[in-house]
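Note on naming: letters A, B, ... go to the chains in the order of the sequence lines (proteins, then strands), and numbering restarts at 1 for each one.
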Amino acid sequence: MSDQKGGNQPANNNQGKKQQKGGNLAGGGGTPPADDKKITSRTADYSQWYLDIVRRAELADNSDVRGCMVIKPNGYAIWENMQRAIDGLFKATGHVNAYFPLFIPKSFFQKEEQMAEGFAKECAVVTHYRLKSTNGKIEVDPEAKLEEELIVRPTSETIIWNTYKGWIQSYRDLPLLINQWCNVVRWEMRTRLFLRTSEFLWQEGHTAHATQAEAEAETLQMVNVYRQFAEDWMAMPVLVGPKSDGQKFPGAIYTLCIEALMQDGKALQAGTSHFLGQNFSKAFDVQFTAEDGKREFPWATSWGASTRLIGGLIMTHSDDNGLVIPPRLAPTHVVICPMGRSDEERAPCTAAAEKLAAAIAELPRDDFYGYQPLRVKIDRDTKNSPGHRFAEWELRGVPVRVEIGPKDMEKSACVLARRDIPGKEGKTMGVPLDVAPQQIDALMREIQKNLFDRAKKARDATMRTANSYDEFKQMIEQPGFIWAHWDGTRATEDKIQEETKATIRVIPFDGPKEAGQCMVTGQPSEKRVIFARAY
RNA sequence: CGGGGCAUAGCUCAGUCCGGUAGAGCGCCUGGUUUGGGACCAGGAAGUCGUCGGUUCAAAUCCGGCUGCCCCGACCA
């Protein structure tokens, strides 16, 4: 569909009152981009580059609430596309959505000890339920103290297992395969837009099974769902496998994860799937009667992925010209820019743009597009120069831009520009208008694949093998993933983290089976694990 | 929670040392000229200088309290 509102153009719409100062310019000390039309380059300052993209592509703002972000329409549209894809994968594996309360009574929290400990330091707590106005000043009414404090959910295992107690009586009630889309709060000391905020959006799946084997199969299945989403939609290669005990979820027997590598060589945990054993069913005394009539505790899993994925998306593909979004997640697939020096020159270009937009919307809807029509916009800006408009659409990461100017009209042709190859190098001139829709369709698939291949190549190029701790210490100063032997103990992991700031990111399933000795203690090790510095 | 920095127009900042009519660039609005890689001219709108108090004839500026935000560190999806 072409956009309804004419004259719509990539302009800043900074409304609102006082945004906090110095947000993207590193407080007082930072250096603003030399040319404020351009964003900071990745080599100059990677985290400033990231902030510039988030701000200039209008994905999100810092809000006036500490640690919390405002996700703007451009950013939220990406999240909606992510949700649609992930939710589809959940449904295809038999899961259903439900919703559980935001507030969790403190006593629930206490029931599972490890989890309570794991999250204790970052919980928001509701203590009162009323305000009162004294001399025009609003204050908490001390009379309205809650008998039992409520925790704002950092994750929902406790409230959900408390609920499951009422839902599970018989083996016939199992498996219970439930997911919820919601917000959670983890009171973070330091936040970064999308990557770590005090409140974030996510989904959390919570399943209950009659047997351990079934629950473990579910845990594995769901991490593979995340892998599929990361690779096929986000075009983001990931390593898959268990976390070390030191890195697992509090309350889990083990945690499986997908682990991605960002362009700056830091790792990002992008999704986790936990095998919870009977920890929660026992904590909440959930039992069912098995086929043989015996009372048993069900086996649990939980799994989650959050708006952090948007940060991962940005840091996997984007470049110094701005955001790059893989076609399958792009809020806008194609933008068509009619040009011309005068209304007379422009009119036929605009008409051709409209016709092309309609033709693109008629392309077959297949799985690649989630069975939706392609999302097409017409840029009717007449005020800004073409160069300005092109740069602005590149900044926003639209995968394909079509340019139609007077010279093209003479040949009934257009120019296709692909975002994964920025600037003039990514342009194909003289594409006949009547075959443009098919070419655009092909280009979408090619861009999607190219982004994945490119990201995988970049990641693989960082992968190294360390054979001694000294070697490791040197290697870790360079970005990327490092394979190394580790004795499997928490103590060694902690020591390595303390001395090098690197953590065990994942013990990949498909890593080479190669016995050796721990690089620190010399104890035997079955296989190498992946170390990196992480977000 | 420690260490540092900052708070003046929508954004980025100057002005603060040395008190005296509130500034610039970008953006925005209007008109005109433009338009194939971030155009130009002219005009215009826009700020209780974070907040409370003190000093002073006079405070963005000096002094004190408070608040908020950013960066670095510890902690973390």
A.B. asks: Among A/Lys243, A/Gln497, A/Arg533, exactly one meets side-chain contact (heavy atoms from CB on, under 4.5 Å) together with A/Thr503. Which residue is that?
C.D. replies: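 Checked A/Lys243, A/Gln497, A/Arg533 against A/Thr503; only one passes side-chain contact (heavy atoms from CB on, under 4.5 Å): A/Gln497.
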A.B. asks: Using a heavy-atom cut-off of 4.0 Å across all strands, would you classify A/Gly340 as base, sugar-phosphate, or nothing?
C.D. replies: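 Base contact - A/Gly340 has a heavy atom under 4.0 Å of at least one base atom.
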A.B. asks: Between B/G37 and B/C28, how many Å separate the two C1' atoms, rounded to a whole number?
C.D. replies: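 The answer is 24 Å between these two C1' atoms.
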A.B. asks: If we call it a pair only when both distances are under 3.5 Å in a Watson-Crick or G-U wobble match, what pairs with B/A9?
C.D. replies: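 Its partner: none found.
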A.B. asks: When the nearest nucleotide of RNA chain B is assigned to A/Gly67 and to A/Lys121 on a heavy-atom basis, which residue is associated with the more 5' position?
C.D. replies: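 Nearest nucleotide further toward 5': that of A/Gly67.
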A.B. asks: From the list B/U35, B/A77, B/G37, which nucleotide is the closest neighbour of the side chain of A/Gln269?
C.D. replies: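 Side chain of A/Gln269 sits closest to B/A77.
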A.B. asks: Can you figure out which of B/C70, B/C11, B/G36 approaches the side chain of A/Arg55 most closely?
C.D. replies: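 In terms of side-chain proximity for A/Arg55, the closest of B/C70, B/C11, B/G36 is B/C11.
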A.B. asks: Using atom P in both nucleotides, what's the gap between B/C72 and B/U55 to the nearest angstrom?
C.D. replies: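 Between the two P atoms, the distance is 41 Å.
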A.B. asks: So which one's nearest nucleotide on RNA chain B is more toward 5', A/Lys501 or A/Met409?
C.D. replies: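 This one resolves to A/Met409.
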A.B. asks: Is any N or O donor-acceptor pair between the side chain of A/Arg389 and the base of B/U35 shorter than 3.5 Å?
C.D. replies: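 No pair found.
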A.B. asks: Checking base pairs now: Watson-Crick or wobble, both atom distances under 3.5 Å. What partners B/U48?
C.D. replies: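 Base partner found: none.
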A.B. asks: For a quick check of understanding: with a heavy-atom distance under 4.0 Å over all strands, which category does A/Gly423 fall into, base, sugar-phosphate or nothing?
C.D. replies: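 Since a base atom lies under 4.0 Å of A/Gly423, the category is base.
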A.B. asks: Considering every strand and a 4.0 Å limit on heavy-atom distances, what is the contact class for A/Val415: base, sugar-phosphate, or nothing?
C.D. replies: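 Here A/Val415 touches the bases of the nucleic acid.
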A.B. asks: NA contact type, A/Lys427, heavy-atom cut-off 4.0 Å: base, sugar-phosphate, or nothing?
C.D. replies: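 Since a base atom lies under 4.0 Å of A/Lys427, the category is base.
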A.B. asks: For B/U21, which nucleotide in any strand shown is its Watson-Crick or wobble partner with both distances under 3.5 Å?
C.D. replies: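 None - no nucleotide pairs with B/U21, as no candidate has both distances under 3.5 Å.
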A.B. asks: For A/Phe390, does the six-membered ring have the charged nitrogen or CZ of A/Arg401 within the cation-pi criterion, i.e. under 6.0 angstrom from the centroid and within 45° of the normal?
C.D. replies: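 Positive - A/Arg401 is close enough to the ring of A/Phe390 and near enough to its axis.
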A.B. asks: Work out how far the P atom of B/A39 is from that of B/A74, and round it to whole angstrom.
C.D. replies: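 44 Å, rounded to whole Å.
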A.B. asks: Could you tell me which residues satisfy side-chain contact (heavy atoms from CB on, under 4.5 Å) with A/Pro242, sequence neighbours excluded, listed by chain and number?
C.D. replies: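 With sequence neighbours excluded, A/Pro242 shows a side-chain contact (heavy atoms from CB on, under 4.5 Å) to A/Leu256, A/Ile507, A/Phe509, given in chain and number order.
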A.B. asks: So what does A/Phe200 touch, heavy atoms closer than 4.0 Å: a base, only the sugar-phosphate, or nothing?
C.D. replies: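 The residue A/Phe200 makes base contact.
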A.B. asks: Searching all strands shown, indicate the nucleotide that pairs with B/U33 (Watson-Crick or G-U wobble; both distances under 3.5 Å).
C.D. replies: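 B/U33 is paired with B/A39.
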A.B. asks: Any base atoms under 4.0 Å from A/Glu345, or only sugar-phosphate, or nothing? Heavy atoms, all strands.
C.D. replies: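 The answer is nothing, as A/Glu345 stays clear of every strand by at least 4.0 Å.
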A.B. asks: Please work out if A/Leu195 contacts a base, only the sugar-phosphate, or nothing of the nucleic acid, heavy-atom cut-off 4.0 Å.
C.D. replies: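 Result for A/Leu195 = base.
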A.B. asks: For A/Gly304, does its backbone N or O pair with a side-chain atom of A/His274 as donor and acceptor, under 3.5 Å?
C.D. replies: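 Checking the backbone N and O of A/Gly304 against the side chain of A/His274, no donor-acceptor pair under 3.5 Å is found.
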A.B. asks: Looking at side-chain heavy atoms only, is the closest gap between A/Val238 and A/Tyr226 below 4.5 Å?
C.D. replies: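 No, their side chains stay 4.5 Å or more apart.
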A.B. asks: Go through B/A77, B/G37, B/G38 for me and flag the one nearest to the A/Arg56 side chain.
C.D. replies: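 Looking only at side-chain atoms, A/Arg56 lies closest to B/G38.
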A.B. asks: Looking at the side chain of A/Pro386, which of B/G37, B/U35, B/G38 is the nearest nucleotide?
C.D. replies: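 Taking heavy atoms from C-beta onward, the closest nucleotide is B/U35.
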A.B. asks: Just call it for A/Thr382: base, sugar-phosphate, or nothing, with non-hydrogen atoms closer than 4.0 Å on any strand.
C.D. replies: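 Base: the residue A/Thr382, judged by heavy atoms under 4.0 Å, touches a nucleobase.
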A.B. asks: With sequence neighbours left out, what residues match A/Thr127 under side chain to side chain donor-acceptor pair (under 3.5 Å)?
C.D. replies: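 So A/Thr127 forms no side chain to side chain donor-acceptor pair (under 3.5 Å) with any residue.
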A.B. asks: Would you mind classifying the nucleic acid contact of A/Thr255 as base, sugar-phosphate or nothing, using non-hydrogen atoms under 4.0 angstrom?
C.D. replies: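 No contact at all - A/Thr255 keeps every heavy atom at 4.0 Å or more from the nucleic acid.
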A.B. asks: When we call it a touch if two heavy atoms are under 4.0 Å apart, what does A/Arg192 touch: a base, just sugar-phosphate, or nothing?
C.D. replies: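 Result for A/Arg192 = nothing.
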A.B. asks: For B/G2, which nucleotide in any strand shown is its Watson-Crick or wobble partner with both distances under 3.5 Å?
C.D. replies: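 Partner of B/G2: B/C72.
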A.B. asks: Which base, if any, makes a Watson-Crick or G-U wobble pair with B/A14, both distances under 3.5 Å?
C.D. replies: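 Base partner found: none.
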A.B. asks: When the C1' atoms of B/A22 and B/C49 are compared, how many Å lie between them, rounded to an integer?
C.D. replies: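 One C1' to the other, the span is 8 Å.
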